[in-house]
Amino acid sequence: MNPLAGLETLVPHCIFGAPAASCTTFRVGGPAWALCEVQTVGEFRALSTFAIERHCPVRIVGKGSNLLFGDDGFPGVLVTLGHDFQRITIGQEGLFTAGAGVSLAKLANTLARAGLGGFEFVAQIPGCVGGSVAVNAGAFGQDLHSRLLSVRALDLRGLEVELAAAALAGCYRTTALKGHQDLSLIEATFQAVPMDPEVVLKKQGEYGEYRRRTQPINQASAGCVFKNPGKGCSAGALIDKLGLKGLAVGDARVSDKHANFIVNLGKARARDIVDLIGTVRGRVYTETGILLEPELELVGVTLPA
Ligand code: EPU
């Protein structure tokens, strides 16, 4: 019997057998049992209950910008967040709440128009609020956690919980939520700083220009592959120094623009990317003694030891 029979009546936006590649910025990954876009918290709750009864894994993919799925795909339901998760509510004195499905680009735009600063660094990050809070996304020496006040989430039983930012224990590119599927973020509340919209837009523009100049933003990738191994030590600079830009396995290639990016030239498979990550990591370890830790999340694939 099809374990997902009837799912489409609970979640109308549901594609059975959709490739994970279709919902990740790497454009890699085999078929999922289903890819669903939930429109309301109620729909999400119904999906979770359905999946638990059938022992079926569920994973929110957001914008899929920090994920690498295996070529065999995902044995479960992948979820993107629709209508009710796309709202931004601006409150008093710089407080605002953003749904987990809000893209960081839209967030940056809305805050600029509202004359709220402190989030210029997110403008070019290709993620959405939920995933970015879970991994504590950052850039230019800033991160989301330092401006986060609280989150609202659903637990596995479908009950809503509210957590203060401190409970997430955010630090460089991680929080207690990273890699855990037992809490699904609904929305997050942040503190911004009132600022002249022109100043906000100017800062966003400068950050954008830096990224366009130094990162392969027009090619399929999952952003930086590795965390920086220490303050002031760029994994990209380390990999570059070893002459590894341009190293390739199949259509997976270490970017010529920024060595901490692997780009998919078109037909890369997850296996190619994993092999390339393993080779780069091995070379860096042999030559420097530094074991780079992946920043991107691997699902259904593992790195060689
Ligand atoms: N560099 C090289 N060669 C390279 C890449 C970088 O020599 O191939 C040098 C640069 O010239 C610069 C230094 O390394 O002197 C730092 O480079 P960059 O400003 O690009 O910063 P990064 O530490 O490599 C981090 C984040 C990026 C973020 C940028 C900009 C991590 C792992 N990476 O990169 O975040 O966009 O700073 O703030 O923390 C991501 O999270 O996916 C990501 C790309």
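In this chain, numbering begins with 1 at the start of the sequence shown. Atoms within each ligand, like the ligands themselves, are counted from 1 in listed order.
- If you check the side chains of E206 and Q204, you find no donor sitting under 3.5 Å from an acceptor.
- Among all protein heavy atoms, the one lying closest to atom 20 (O) of ligand 1 is H258 NE2, 2.9 Å.
- Here the protein heavy atom with the shortest distance to atom 3 (N) of ligand 1 is D240 OD2, 2.8 Å.
- With ligand atoms numbered from 1 in the order given, ligand 1 contributes 32 (C) to contacts under 4.0 Å with heavy atoms of F226.
- Inclusion of Q215 in the set of residues having an N or O under 3.5 Å from an N or O of ligand 1 is warranted.
- Using a 4.5 Å heavy-atom cutoff, the side chains of R211 and I125 are in contact.
- Per-residue contacts place A139 under 4.0 angstrom from the following atoms of ligand 1 (heavy atoms of the residue considered): 38 (O).
- Protein heavy atom nearest atom 38 (O) of ligand 1, with residue, atom name and distance: F140 N, 2.6 Å.
- Contacts with ligand 1 closer than 4.0 Å are made by side-chain heavy atoms of F261 only, the backbone lying farther away.
- Judged by a 6.0 Å distance limit and a 45° cone about the ring axis, R54 is positioned over the six-membered ring of F50.
- Short contacts between ligand 1 and K245, defined as distances under 4.0 Å to a heavy atom of the residue, involve ligand atoms 8 (O).
- For ligand 1 and A259, the ligand atoms under 4.0 Å from any heavy atom of the residue are 4 (C), 8 (O).
- For D72, the CG atom is loosely surrounded, since the number of other residues' heavy atoms within 6.0 Å does not exceed 12.
- When each atom of ligand 1 is checked for a heavy atom of E295 under 4.0 Å away, the hits are 32 (C), 40 (C), 41 (O), 42 (O).
- Residue contact check for ligand 1: Q124 places no non-hydrogen atom closer than 4.0 Å to it.
- Contacts between R211 and ligand 1, counted as non-hydrogen atom pairs separated by less than 4.0 Å, involve the side chain only.
- Considering backbone and side-chain N/O atoms, Y172 comes within less than 3.5 Å of an N/O atom of ligand 1.
- Considering backbone and side-chain atoms alike, N228 places an N or O below 3.5 Å from some N or O of ligand 1.
- There is a protein heavy atom closer than 4.0 angstrom to atom 7 (O) of ligand 1.
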Item to check | E295 and K227: CA distance, side-chain angles, deciding distance, salt bridge (charged side-chain N to carboxylate O under 4.0 Å, His left out) verdict | outcome: CA-CA 5 Å; E295 191 202 317; K227 292 183 186 179; over 6 Å; no
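- When each of L168, T174, T175 is checked for a side chain to side chain contact (heavy atoms under 4.5 Å, CB included) with C171, only T174 meets the rule.
- Distance check on atom 11 (O) of ligand 1: every protein heavy atom falls at or beyond the 4.0 Å cut-off.
- Side chain to side chain, T189 and T97 meet the donor-acceptor criterion of an N or O pair below 3.5 Å.
- Using a 4.0 Å heavy-atom cutoff, F121 is absent from the residues neighbouring ligand 1.
- The backbone N or O of N228 lies less than 3.5 Å from a partner atom in the side chain of Y172, making a donor-acceptor pair.
- Between the R253 side chain and the L247 main chain, no donor and acceptor come within less than 3.5 Å of each other.
- Summarising the local packing, CZ of R271 is surrounded by 12 or fewer heavy atoms from other residues, nucleotides or ligands at distances under 6.0 Å.
- Polar contact check, C224 against ligand 1: a nitrogen or oxygen pair lies under 3.5 Å apart.
- Ring centers of F26 and F69: at least 6.0 Å apart, outside the cut-off.
- Panel note: side chain R173, backbone G138; a donor-acceptor pair is recorded below 3.5 Å.
- Ring-centre distance between F140 and F121: not below the 6.0 Å cut-off.
- At the top of the distance list for atom 9 (C) of ligand 1, counting protein heavy atoms only, stands A237 CB, 3.8 Å.
- The presence of a protein heavy atom under 4.0 Å from atom 24 (O) of ligand 1 is confirmed.
- Considering backbone and side-chain N/O atoms, K257 never comes within less than 3.5 Å of an N/O atom of ligand 1.
- By the 3.5 Å distance cut-off applied to N or O atoms, G223 is not counted among the residues near ligand 1.
- Taking the six-membered ring for Trp and thresholds of 30 and 60 degrees, F44 and F85 have ring planes more than 60 degrees apart, a perpendicular arrangement.
- Nearest protein heavy-atom contact of atom 18 (P) of ligand 1 is Y210 OH, 3.5 Å.
- Note on ligand 1: R173 sits in its first shell, one or more heavy atoms being nearer than 4.0 Å.
- Judged by distance alone, with hydrogens and angles left aside, the side-chain atoms of R45 form a donor-acceptor pair with the main-chain N or O of G158 at under 3.5 Å.
- Counting protein heavy atoms only, atom 13 (C) of ligand 1 is closest to S234 CB, 4.0 Å.
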